[in-house]
2 protein chains.
Amino acid sequence: MKTISDIIEEFILSQLEDGEINLSRNELANFFNCAPSQINYVLTTRFTPMKGYDVESKRGGGGYIKIVKYTTSDKIEHINHLINNYIRDAIDYNNAVMILENLLTNNIIDEKEYKIIVTAISNKSLANPTNIENKIRAKILTNILREICKEE
Amino acid sequence: MKTISDIIEEFILSQLEDGEINLSRNELANFFNCAPSQINYVLTTRFTPMKGYDVESKRGGGGYIKIVKYTTSDKIEHINHLINNYIRDAIDYNNAVMILENLLTNNIIDEKEYKIIVTAISNKSLANPTNIENKIRAKILTNILREICKEE
DNA sequence: TTATTTGACTTTCTTTGACCTTTGTTTGAC
DNA sequence: GTCAAACAAAGGTCAAAGAAAGTCAAATAA
C-alpha cells in the first residue's frame with residue numbers, strides 16, 4: 001500500500017523538469033490534504049544529497065521550496081566517492097588539502113578556486129569555534145577575501 | 001512567486017543607468033500600488049551599502065530619493081573597506097551574501113567562485129559548531145564539493 | 001521496531017498603516 | 001516689502017499583521 005509520502009514523492013518526481021522545480025509547501029500540502037510538515041518529511045527522507053538532490057527554501061511572503069536534481073556524471077561519481085570515503089564527518093587539514101589537490105589535477109577546480117577553498121577550511125578560518133556561528137563565518141569570509149587580495 | 005518587493009527591486013535596477021537614479025517615493029508607490037513605506041523596505045533590504053549602493057534623499061516639496069551604485073577598480077581598497085566596515089568580527093548570512101554579490105558585480109569573483117564561497121559560509125556548512133574543528137571542516141568541504149557537482 | 005502522520009509552536013520575510021520630521025510655499029499683519 | 005505662522009508636500013520610522021517555511025515531539029500505522 002502506497003503511503004501519502006510515496007504519492008507526494010512521485011508527484012514531485014513527475015514535476016521535476018530540467019532537474020529543477022519550485023514549489024509552495026502550503027499549496028502542495030493543501031493539494032494532498034496533508035499537514036504542511038509532511039512535505040518536509042518527504043523532502044528529508046526522499047530528496048537527500050546522497051540521492052543527488054539539493055533543497056533550498058525561503059520563508060515568509062513569497063516563500064518557496066526549490067529542489068534541484070543533479071544528474072550523475074563521472075565528476076559527480078568522483079566527488080561522491082571522495083565525500084563518502086575520505087571526508088565523512090571529520091577530516092583534518094592535511095587530508096583535506098590532498099583532496100583538493102586531487103580535484104585540481106583532475107581539472108574539477110582551478111587554481112583560484114583551490115586557493116579559496118583551502119582558505120575556507122584552513123585553521124586560520126576555523127580556529128576558535130566558540131559556538132558563535134557569525135564569528136566563525138566572519139573569519140572564513142575575511143580570510144577568503146584577504147586571499148583574493150593577494151593575487152597579482 | 002515573486003513578491004511586490006522583488007518586482008520593485010527589478011524595476012529600480014532596470015532604471016539605474018550610469019549607476020545612478022533619482023526617483024520619487026510617492027510616485028513609485030503609486031505606480032506599484034503599494035504603501036510608500038514599502039519603497040523604504042525595498043531600499044533597506046536590497047540597496048544596501050554592502051551591496052555597493054548609497055541612498056540619499058530629501059524631504060519636503062521637490063523631495064527625492066537618489067540611489068547610486070558604486071563600482072571600483074581598486075580591488076584591494078575595495079576589499080579592505082568591506083572587511084573593515086561590514087565584516088568586522090561577526091556577520092550574518094544575508095549580509096555576507098550581499099558582500100559577495102558586491103564582489104560579483106565588481107568582477108572580483110566570478111559565478112563559480114561566488115557559489116563556492118556562499119556555500120562555505122552557509123548555515124548548512126556552519127551549523128552545529130560542536131567545538132570540533134574537523135567536523136566543521138568536513139561539513140564545509142562536503143558542501144563545497146556538492147556545490148561544484150551541480151554545475152553542468 | 002521503524003516509518004509515517006499530525007499539529008502546536010517558532011522563525012523569517014513581507015506588507016500595511018498610523019504617526020513623525022523635514023523642507024518648501026503661501027499668506028497676512030506690520 | 002518682510003517675516004513669521006500656517007499649510008502643503010515630501011520622505012522616515014516603527015510596530016503590528018500577514019504569509020510562508022521550519023522544527024520537534026507525540027500519536028499512529030506497518
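Protein chains get the first letters and strands the later ones, always in sequence-line order, with residue 1 at the start of each.
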- Check: B:Cys34 and B:Ile39 side chains under 4.5 Å, non-hydrogen atoms: yes
- Item | Results of side chain to side chain contact (heavy atoms under 4.5 Å, CB included) for A:Ile4 - residues two or more places apart only | A:Ile8, A:Phe32, A:Gln38
- Query: What pairs with B:Lys66 under salt bridge (charged side-chain N to carboxylate O under 4.0 Å, His left out), at least two apart in sequence or on another chain?
  - Reply: B:Glu20
Where do N or O atoms of nucleotides 26-30 of chain D meet protein N or O atoms at under 3.5 Å, pair by pair?
none

- Residues touching DNA chain C, which here means a heavy atom under 4.0 Å, drawn from residues 3-23 of chain B: B:Thr3, B:Ile4, B:Ser5
- Query: Mind checking what makes salt bridge (charged side-chain N to carboxylate O under 4.0 Å, His left out) contact with A:Asp110, not counting sequence neighbours?
  - Reply: none
- Report the distance from atom CZ of A:Arg25 to atom C1' of C:dT5, rounded to the nearest whole Å. 14 Å
- Mind checking side chain to side chain contact (heavy atoms under 4.5 Å, CB included) for A:Asn95 and listing every partner two or more places apart, or none if nothing turns up? A:Ile91, A:Asp92, A:Met98
- Please examine the side chains of A:Val97 and A:Tyr114, heavy atoms only from C-beta on, and report whether any two atoms are closer than 4.5 Å. yes
- Using a cut-off of 4.0 Å on non-hydrogen atoms, how would the nucleic acid contact of B:Ile65 be classed: base, sugar-phosphate, or nothing? sugar-phosphate
- Item | Rounded distance (Å) that lies between atom P of D:dA9 and atom CD of B:Glu27 | 14 Å
- For A:Ile39 and C:dT4, what is the distance between atoms CD1 and P respectively, to the nearest whole Å? 14 Å
- Query: Does anything in residues 40-55 of chain B reach DNA chain C, meaning a heavy atom under 4.0 Å, and if so which residues?
  - Reply: B:Tyr41, B:Arg46
- Item | Close side-chain approach of A:Leu104 and A:Glu113, heavy atoms under 4.5 Å | no
- Not counting sequence neighbours, which residues clear salt bridge (charged side-chain N to carboxylate O under 4.0 Å, His left out) with B:Arg59? List them please. none
- Provide the full list of salt bridge (charged side-chain N to carboxylate O under 4.0 Å, His left out) pairs with a residue in residues 93-102 of chain A, sequence neighbours left out, each pair given once. none
- Query: D:dA20, C:dG24, D:dG11: which one has an atom nearest the side-chain heavy atoms of B:Asn26?
  - Reply: D:dG11
Which atom pairs link the protein and nucleotides 8-12 of chain C when you take only N or O atoms and keep those under 3.5 Å?
unit_1: C:dT11; atom_1: O4'; unit_2: A:Arg59; atom_2: NH1; d: 3.2
unit_1: C:dT11; atom_1: O2; unit_2: A:Arg59; atom_2: NH1; d: 2.8
unit_1: C:dT12; atom_1: O2; unit_2: A:Gly60; atom_2: N; d: 3.2

- Can you check the A:Phe32 CZ to C:dT4 P distance for me, whole Å? 16 Å
- Hey, does A:Asp54 have a side-chain heavy atom less than 4.5 Å from the side chain of A:Ile67? no
- Query: Who passes side chain to side chain contact (heavy atoms under 4.5 Å, CB included) against A:Glu27, sequence neighbours left out?
  - Reply: A:Ser24
- Once you round it to whole Å, what is the distance between C1' of C:dG17 and CG of B:Asn30? 16 Å
- Task: Establish, from distance only, whether the side-chain atoms of A:Asn106 and A:Asn102 form a donor-acceptor pair under 3.5 Å.
- Result: yes
- side-chain N/O A:Lys58 vs D:dA19 OP1/OP2, d < 4.0 Å: no
- Round to the nearest Å and state the distance from B:Asn33 atom CG to C:dG17 atom P. 11 Å
- Can you find a side chain N or O atom of A:Gln38 that sits less than 4.0 Å from OP1 or OP2 on C:dT4? no
- Item | side chain to side chain contact (heavy atoms under 4.5 Å, CB included) involving A:Tyr86 - partner list, sequence neighbours excluded | A:His81, A:Leu82, A:Ile99
- Query: So, for A:Tyr70 and A:Tyr53, is the gap between ring centers shorter than 6.0 Å?
  - Reply: no
